[in-house]
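Heads up, the thing below is written out as C-alpha cells.
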Amino acid sequence: MLFVSADRRGQGLGTKLIRYAIEKHSINELAVNEQNPDAKRFYEHNGFKVQKRTPKDEQGNLYPLLYMVKV
C-alpha cells in the first residue's frame with residue numbers, strides 16, 4: 001500500500017515512491033480501491049492501466065478493486 005499524507009501531496013513524493021517500488025522491487029501490478037479515483041489517476045499518470053475489476057476486495061467486502069498493470 002502506498003499512502004501520502006494529504007498535506008504532502010503534489011510534491012512528487014508518491015511518484016518517487018512508486019518509481020522506487022518499480023525499480024527496486026519490480027512492482028508491475030497492483031490493486032486500487034475503485035472508490036479512490038485520485039489513486040487511480042495517480043497510477044495511470046505513472047504508467048499503469050486497469051486490467052480487470054472485481055466487485056469485492058480480497059476479504060470479500062463490498063469495496064470494488066481495480067487491478068492495474070504497468071504498460
Side-chain angles (χ1 to χ4, degrees):
M1 292 186 186
L2 174 64
F3 295 96
V4 175
S5 175
D7 64 324
R8 299 299 302 263
R9 291 185 189 147
Q11 299 176 23
L13 298 172
T15 298
K16 287 179 184 178
L17 288 169
I18 194 63
R19 286 183 183 162
Y20 178 86
I22 292 166
E23 293 170 11
K24 300 294 184 183
H25 298 285
S26 302
I27 299 300
N28 60 8
E29 50 188 43
L30 49 87
V32 176
N33 185 322
E34 184 179 58
Q35 297 168 332
N36 187 345
D38 290 337
K40 179 180 179 270
R41 277 192 298 277
F42 168 78
Y43 289 115
E44 287 173 334
H45 178 77
N46 282 282
F48 288 81
K49 74 172 193 168
V50 175
Q51 182 180 37
K52 72 176 184 175
R53 177 192 183 273
T54 59
K56 297 180 181 180
D57 68 11
E58 286 120 358
Q59 289 78 39
N61 300 310
L62 291 174
Y63 297 109
L65 292 181
L66 301 173
Y67 291 86
M68 303 181 81
V69 294
K70 183 86 168 119
V71 291

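Position 1 is the first residue of the sequence; numbering continues from there.
Note that CD of Glu23 is 10.5 Å distant from CD1 of Ile18, once rounded to the nearest 0.5 Å. A distance of 12.5 Å separates NZ of Lys70 from OG of Ser26, quoted to the nearest 0.5 Å. In this structure, CG in Leu17 is found 12.0 Å from CD1 in Ile27, a value given to the nearest 0.5 Å. Distance check, rounded to the nearest 0.5 Å: CD of Gln35 to CG of Leu65 gives 9.5 Å.
Closest approach of Lys40 to Leu66, counting heavy atoms only: CD-CD1, 3.5 Å. Residues Leu2 and Gly14 come closest through the heavy atom pair CD2-O, 4.1 Å. Scanning all heavy atoms of the two residues, the minimum distance from Val32 to Ala39 falls at CG1-CB, 3.8 Å. Taking every heavy atom of both residues into account, Ile22 and Phe48 meet most closely at CD1-CE1, 4.0 Å. The two atoms that bring Gln51 and Val69 nearest to each other are OE1-CG1, 3.2 Å, heavy atoms only. Contact record, His25 with Tyr20: NE2-CE2, 3.7 Å, taken as the closest heavy-atom pair.
No chain of hydrophobic side-chain contacts below 4.5 Å, direct or via other Ile, Leu, Val, Met, Phe, Trp or Tyr residues, connects Val50 to Tyr67.
Every salt bridge (charged side-chain N to carboxylate O under 4.0 Å, His left out) that Asp38 has, sequence neighbours left out, goes to Arg41. Scanning for salt bridge (charged side-chain N to carboxylate O under 4.0 Å, His left out) contacts around Arg8 gives an empty result, with sequence neighbours left out.
Other residues, nucleotides and ligands contribute more than 12 heavy atoms inside 6.0 Å of the CZ atom of Phe42.
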Can you list the steps and then say if Tyr63 with Asn36 is a side chain to side chain contact (heavy atoms under 4.5 Å, CB included)? CA-CA 10 Å; Tyr63 297 109; Asn36 187 345; over 6 Å; no
Take Asn33 and Asp57 through the side chain to side chain contact (heavy atoms under 4.5 Å, CB included) test and state the conclusion after the steps. CA-CA 8 Å; Asn33 185 322; Asp57 68 11; over 6 Å; no
